[in-house]
Structures are given as structure tokens and as C-alpha cells.
Amino acid sequence: MLPTIKWDNGKIIMVDQRKLPGEEVYVECTDHNQVAEAIETMVIRGAPAIGVAAAYGVALGIMGLDEKDNLEERFDQIYRRLERTRPTARNLFWALERMKRAFFRERDRDLKKLQKAMLQEALDIEMEDVETNRRIGKWGRTLVKDDQTILTHCNAGTLATAGYGTALGVIRAAFEEGKKIQVYADETRPFLQGARLTCWELEKDSIPVVLIADNMAGYLMKKGEVSLVITGADRIAQNGDTANKIGTYTVAVLAREHNLPFYVAAPMSTIDFTLRDGNQIPIEERDPDELKWIGDVCLSPSRIEVRNPAFDVTPAEYITAIITENGIARPPFQKSLQELRKNKA
Ligand code: MRU
């Protein structure tokens, strides 16, 4: 399997996703500030992978403390630094909350034991994420038939998780089962996660993939060349409204217009049960230069005003089903998501 993030003897190593597919280089982090920076600058991205990185960030932060430190004060600083990195990704906060529970459970033990326990919690989060994605894949593959063509947006694969992927996990599971499928990968402007990362991953796994520009989906749907859409999610509200990479909403509206199923694949940890609907999901706005520049080339007049929201919210009524590790939720999501929360599969 491709490497996304790994603990390696006192440091974490991540593949630099800004450089793929041209260069396969790795970034090493030895403290929580470096991890926070790696998340902000998109060395690592994708909601579940961000969660895993943040958990390791907390572990590294605690491992850097000594007996003289005020543990609670330092924990709070580490936590606050990491939570400021990417506001939309629910898994970031989910993982930080889990690390916080571990900290308060273990803080009265001696420092060495606390440090060991914090690292173990991060390792568990990483390992469980891969397992979760495999379960998402098993549920999701039942929705994919032989000879179908699947459109996906952004990258919800191994690179966006600790391994296997969510949307791409479903695609992988269907492919591994022997189904003949083909994938259309939206290029996903402006950061090009589809063109650079999804295509790279699928090509490595020999899963047939065709790259398209974001504005081609409607044309292909109208011609009958798309059977279904599967995307990942950054945060899902309790009513099923789903924040995902900018452009997802457009694809969902197009799918509805062409009577195509639109599936979201995500772990339960992406669901924010504290939010009534998608209006409450914070949407990250990123640096305008991500839109204006490709490498060294400026695509527009340099002083032009730019909007760069990184995510949009697809209203629940456009979503056919949400595939989780606990099963498949169908509308009304208010009820079905709560049921999946209670009935762990
Ligand atoms: O800005 P990114 O690349 O972090 O956005 C990623 C996405 O929108 C993914 O689709 C989402 O996080 C799900 S990843 C399994």
C-alpha cells in the first residue's frame, strides 16, 4: 500500500502531497509545530489523514515535555496550535478530542508512561482508520455493478487517509472483487487533487482511470457515460448535509439532473452530530495564490481579486446514500445516521 503517514522512531514521516506525482519526497516532523505547518501547507491533506497527523502531532508535543513543564498548560498550547490548522475537516477535531481524553485519563501517571500512552493512542487512530476504510469499502462495493463508470471528485483515497481510502476504498473494494469498472477523476481545481493524486493512486493500483476537467462532468453525464458518483466528505451534519471539496455540490446537482446516484463515503468520525445542518459547517478560505498560480506561472492579472473557498456543502436531498463503516445510511439521514451511530456493525 502507498505510504501516507508513518511513525518512525521519534518522528513522523509523510509523503509530500504537494509534489506528487512529479516527485515522491518525504517530510519529517519532530515536533507539533512542524506537524501543524505540514497540515496547513497541504503536505498532508484529506480529513482522516489530517486527523491522524494531528494525533501524532499531539503525541510528539507531549514527548517533547520534561518533568519541569506544567503538563496541562503545555497540552493546551499543543492542542490549540493543531486545532487552528484546517477548520472544515471534522476528523481533525475528532482526533484531537480523542487525544485529549487519553491525556486526561493518563496524566497522573509518570511522564514516561503518559508519553507512551499518548503515542499508543495516535498509533491506534492510524491503524483503526485503515480498518474503518476497508469496512466502508465492503459496504460500498454492494452499490457498484459490473461495467459501471464512476465519477469521483478530489482525492478520497489512501493519500487522504491512513490507507485504502473512503470513496477510493469503495472503488478499490469493487475492483478487488473483480468488477469491471472505470473511473472518471475530476481534476479538482485549484489544488488538483484529482489530477495529481487520484490519478496517481489509481494508476499505481491498475484501476482504469480517465482524467477530466471539472467542467466536463455534465457533458459526459448527458452522453450516458457516467453510472454513479462517489465522493468523500470533510464534515457531515446530523441531517446529512455534506461539506466536501469545492465543486462537489456542482457534481451533485448534475447527478440529480441526470438521475444518477450520488454517494458519499466517510467514516462515522466525519459526522458532526453537534451540527443541525450544513449552514453551521465552517468553510475554509485559502490563499488566493492557489488559484492564480500554477507553479511559476501566473494565470491572471497579478492584482486581480480572487475567492478561494476550499469546500462547499451538498444539501442532503442531493445525496442518495452515505456509506460508513457501520453500514449504509439512506434518507432521511437525521434518523439513519443516528441509527448507525448506535448500532455499530
Ligand atoms: O483540501 P483537502 O485536499 O484536504 O480536501 C480533501 C477532500 O475534500 C476530501 O474529499 C475529504 O477530505 C475526504 S478524504 C477521505
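For ligands, and for the atoms within them, numbers begin at 1 and follow the listed sequence. Small disclaimer: the values here were computed from a predicted structure and weren't measured.
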Chemist: I'd like the name of whichever of Asp129, Asn244, Leu192, Ile246 reaches closest to atom 10 (O) of ligand 1 through any heavy atom.
Modeler: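 Minimum heavy-atom distance to atom 10 (O) of ligand 1 goes to Asn244.
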Chemist: Considering only heavy atoms of Lys245, which atoms of ligand 1 have at least one such atom less than 4.0 Å away?
Modeler: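 Counting from 1, the qualifying ligand atoms are 1 (O), 2 (P), 5 (O), 8 (O).
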Chemist: Determine, step by step, whether Thr274 and Asp272 satisfy the side-chain hydrogen bond (donor to acceptor under 3.5 Å, both in side chains) criterion, reporting the C-alpha distance in whole Å, the side-chain angles of both residues, the deciding distance to 0.1 Å, and the verdict.
Modeler: CA-CA 5 Å; Thr274 69; Asp272 189 342; 2.5 Å; yes
Chemist: Would you say the side-chain atoms of Arg80 and Gln77 include a donor-acceptor pair closer than 3.5 Å?
Modeler: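 No, no side-chain donor-acceptor pair sits under 3.5 Å.
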Chemist: Could you tell me if Asn133 and Thr166 have a donor-acceptor pair between their side chains, going purely by distance under 3.5 Å?
Modeler: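 No, no side-chain donor-acceptor contact under 3.5 Å.
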Chemist: Would you mind listing which atoms of ligand 1 come within a distance below 4.0 Å of any non-hydrogen atom of Phe311?
Modeler: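 Counting from 1, the qualifying ligand atoms are 1 (O), 5 (O), 8 (O).
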Chemist: Under 4.0 Å from any heavy atom of Ala233, which atoms of ligand 1 are there?
Modeler: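 Answer, ordered by atom number: 11 (C), 12 (O), 13 (C).
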Chemist: Could you tell me whether Gln193 and ligand 1 have an N or O pair separated by under 3.5 Å?
Modeler: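 Gln193 vs ligand 1: N/O contact under 3.5 Å present.
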Chemist: Enumerate the atoms of ligand 1 whose separation from the nearest heavy atom of Ala160 is less than 4.0 angstrom.
Modeler: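 Ligand 1 atoms under the 4.0 Å threshold to Ala160: 14 (S), 15 (C).
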Chemist: Hey, what do you get for CD1 (Ile150) to CG (Leu168), rounding to the nearest 0.5 Å?
Modeler: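 With rounding to 0.5 Å, CD1 (Ile150) is 9.5 Å from CG (Leu168).
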Chemist: Do we see a donor-acceptor contact under 3.5 Å between the side chains of Asp31 and Asn33?
Modeler: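 Result is no, nothing qualifies.
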Chemist: State whether the side chain of Asp241 and the backbone N or O of Ala316 hold a donor-acceptor pair below 3.5 Å, judged by distance alone.
Modeler: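 Here the side-chain-to-backbone pair exists.
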Chemist: Quick check on contacts: which atoms of ligand 1 are under 4.0 angstrom from a heavy atom of Arg86?
Modeler: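 In order of numbering, the contacting atoms are 1 (O), 2 (P), 4 (O).
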Chemist: Under 4.0 Å from a heavy atom of Ala156: give me the atoms of ligand 1 that qualify, with their elements.
Modeler: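 Reading through ligand 1 atom by atom, the close ones are 14 (S), 15 (C).
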Chemist: I want to confirm something. Looking only at heavy atoms, which of Thr88, Thr166, Asp234 is nearest to atom 7 (C) of ligand 1?
Modeler: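 Ranked by closest heavy atom to atom 7 (C) of ligand 1, first place is Asp234.
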Chemist: Atom CD1 in Ile62, atom CE in Met99: separation rounded to 0.5 Å?
Modeler: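 Those atoms lie 8.0 Å apart.
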Chemist: Between ligand 1 and Met42, is the shortest N or O to N or O distance under 3.5 Å?
Modeler: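 There is no such contact.
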Chemist: For ligand 1, which part of Ala47 has a heavy atom less than 4.0 Å away: the side chain, the backbone, both, or neither?
Modeler: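 Both backbone and side chain of Ala47 come within 4.0 Å of ligand 1.
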Chemist: With a 4.0 Å cut-off on heavy atoms, is Ala310 touching ligand 1?
Modeler: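 For ligand 1, residue contact (heavy atoms, under 4.0 Å) with Ala310 is absent.
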Chemist: Which atoms from ligand 1 have a heavy atom of Pro48 less than 4.0 Å away?
Modeler: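 Atoms satisfying the 4.0 Å criterion: 14 (S), 15 (C).
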Chemist: What's the spacing between Trp200 CH2 and Leu20 CG if we round to 0.5 Å?
Modeler: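 Nearest 0.5 Å value for the CH2-CG distance: 4.5 Å.
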Chemist: Please report whether ligand 1 has a polar contact with Gly232, defined as an N or O pair separated by less than 3.5 Å (distance criterion only).
Modeler: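 In this structure, Gly232 places no N or O atom under 3.5 Å from an N or O of ligand 1.
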Chemist: Looking at CD of Gln334 and CZ of Arg276, how far apart are the two atoms once the value is rounded to the nearest 0.5 Å?
Modeler: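 Rounded to the nearest 0.5 Å, the CD-CZ separation comes out at 9.5 Å.
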Chemist: Does NZ or CZ of Arg45 fall inside the cone over Phe191's six-membered ring, less than 6.0 Å from its centre and within 45° of the axis?
Modeler: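 Here Arg45 fails the 6.0 Å and 45° test against Phe191.
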Chemist: Going by heavy atoms, is Phe191 under 4.0 Å from ligand 1?
Modeler: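 It does not, in that no heavy atom of Phe191 comes within the 4.0 Å cut-off of ligand 1.
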Chemist: Specify the protein heavy atom at minimum distance from atom 4 (O) of ligand 1: its residue, its atom name, and the distance to 0.1 Å.
Modeler: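 Closest protein heavy atom to atom 4 (O) of ligand 1: Gly46 N, 2.9 Å.
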